[in-house]
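Encoded as structure tokens, the structure appears first; notes follow it.
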Amino acid sequence: MKPRWLVTGASGTVGSYTGPVLGSRFELDLASRVDLDVTDLTAVRRRVSSGGYAGVIHLAAATDLDRCEKEPSWAYALNVVGAWNVALACREHDAEMVHVSTVGLFCGDGRTGPFSELDEPAPVNVYAHAKWKAEQAVQAVGPRAYVVRTAWVMGQGAEGDRKFVGKVRGRLLAGEPVQAVGDIVGSPTYAPDLVEAIGKLVDTKAHGLYHATNRGAASRFDMVEVMRTSLGSSSATQSVPASTFPLPAPRPVSEVTEHFALRARGIEMRSWQDALHAYMQELKQAK
Ligand SMILES: NC(=O)c1ccc[n+]([C@@H]2O[C@H](COP(=O)([O-])OP(=O)(O)OC[C@H]3O[C@@H](n4cnc5c(N)ncnc54)[C@H](OP(=O)(O)O)[C@@H]3O)[C@@H](O)[C@H]2O)c1
């Protein structure tokens, strides 16, 4: 019999791949916000107590960085209290927990990475601070947890992707000019690769803190160049500084990631270029 796992925030970017990637190995109960509000402790306890779950993959979160900056109480309620609630219910019912966090919680002290699990967080914005406090809340409650930090997630397909890759791809296909930030770097991560890594981590039973991203470093402009070549686009592209697009929430200058802990468990993730090509294929096949 397949172990039964609950997924919170299941209709989001990462959650949308949990069924396709893990469905053959786990019986998944996919809960969107309307099915389960993670800020409601009573509802979370009720769901976890009645589900007979081996574990919970906790993906529900406030991920709009600019809204987090403007509405910190929303960010802390969803990101900290939500994770805390899930951790409590998991501990009470001896379920494992996968808590997904962010690599974007560094750089506030001037360091520019790459960042491993051994580096001390120094958040530059409310979102990152809330995600860091959420990690601490989970660790304080102490369920059998994998805390998995990721970065620059891409996915959700031709219909759902309203983020960077989806928007830029549309412009490149239309031959429109594209400006992209060249002075902020990260480790872009294809959501199914993250979900795959989560599945492998769950097999290890080695609870702890992990960085899980595709390998390597890229700016948004580097991503555009890979996409432009892949699509054979005639668009003019330009690298611009982040100051070209002022935003309410400050961004960390680097989310470039090292995988000290993941490698210790024998888990490798492919390069961001291979991952971006795979996502481009997914988008092409959807058309
Ligand atoms: N995307 C990235 O680049 C990135 C980078 C680093 C870390 N992460 C982390 O990865 C995890 C998954 O992110 P994602 O990209 O899949 O985010 P996402 O697409 O924004 O999905 C988050 C989901 O949470 C749901 N949600 C909102 N409020 C909720 C509530 N009160 N109760 C239950 N569900 C609620 C949302 O539903 P509605 O849409 O209906 O509101 C949405 O489906 C998050 O922990 C995020 O912080 C993401």
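Every number for a ligand or one of its atoms is a count from 1 in the order of the listing. Everything numeric in this text was worked out from a predicted model, so none of it was measured.
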Heavy atom of the protein closest to atom 6 (C) of ligand 1 (residue, atom name, distance): T150 O, 3.3 Å

Sub-4.0 Å heavy-atom contact, S32 with ligand 1: no

SB check R144 D94 (cutoff 4.0 Å): yes

H211 side chain to T257 side chain, donor-acceptor N/O pair below 3.5 angstrom: no

Joint hydrophobic cluster, L209 plus M269, side-chain heavy atoms closer than 4.5 Å: no

Polar contact flag for T13 and ligand 1 (N/O pairs, less than 3.5 Å): yes

Polar side chain donor-acceptor pair, Y53 to D29, under 3.5 angstrom: yes

Polar proximity ligand 1 side, T39 side, N/O cut 3.5 Å exclusive: no

Polar side chain donor-acceptor pair, T244 to Q179, under 3.5 angstrom: no

Sub-4.0 Å heavy-atom approach of T8 to ligand 1: no

Proximal ligand 1 atoms for V14, defined as those under 4.0 Å from one of its heavy atoms: 12 (C), 16 (O)

Heteroatom distance test (T102, ligand 1): nitrogen or oxygen, under 3.5 angstrom: no

Shortest protein heavy-atom distance from atom 20 (O) of ligand 1, along with the residue and atom involved: T63 OG1, 2.6 Å

Salt bridge flag under 4.0 Å for residues D40 and R47: no

Under 3.5 Å side-chain donor-acceptor pair for E135 and S101: yes

Heavy-atom nearest option to atom 4 (C) of ligand 1, drawn from V34, V153, T213: V153

Heavy atom of protein inside 4.0 Å of atom 2 (C) of ligand 1, strictly below: yes

Nearest option to atom 8 (N) of ligand 1, as decided by whichever heavy atom of W152, Y127, F164 sits closest: Y127

NZ or CZ of R111 within 45° of F106 ring axis and under 6.0 Å: no

Geometric N/O contact G15 with ligand 1, under 3.5 angstrom: no

Geometric N/O contact R33 with ligand 1, under 3.5 angstrom: yes

Contact check: V100 vs ligand 1, nitrogen or oxygen atoms, below 3.5 angstrom: yes

Atom 39 (O) of ligand 1 within contact range, any protein heavy atom under 4.0 Å: no

N or O pair under 3.5 Å between L78 and ligand 1: no

Between H259 and Y210, a side-chain donor and acceptor under 3.5 Å: no

Parallel, tilted or perpendicular: ring planes of Y17 versus Y190, cut at 30 and 60 degrees: perpendicular

NZ or CZ of R67 within 45° of W74 ring axis and under 6.0 Å: yes

Test item, A62 contacting ligand 1 (heavy atom, 4.0 angstrom): no

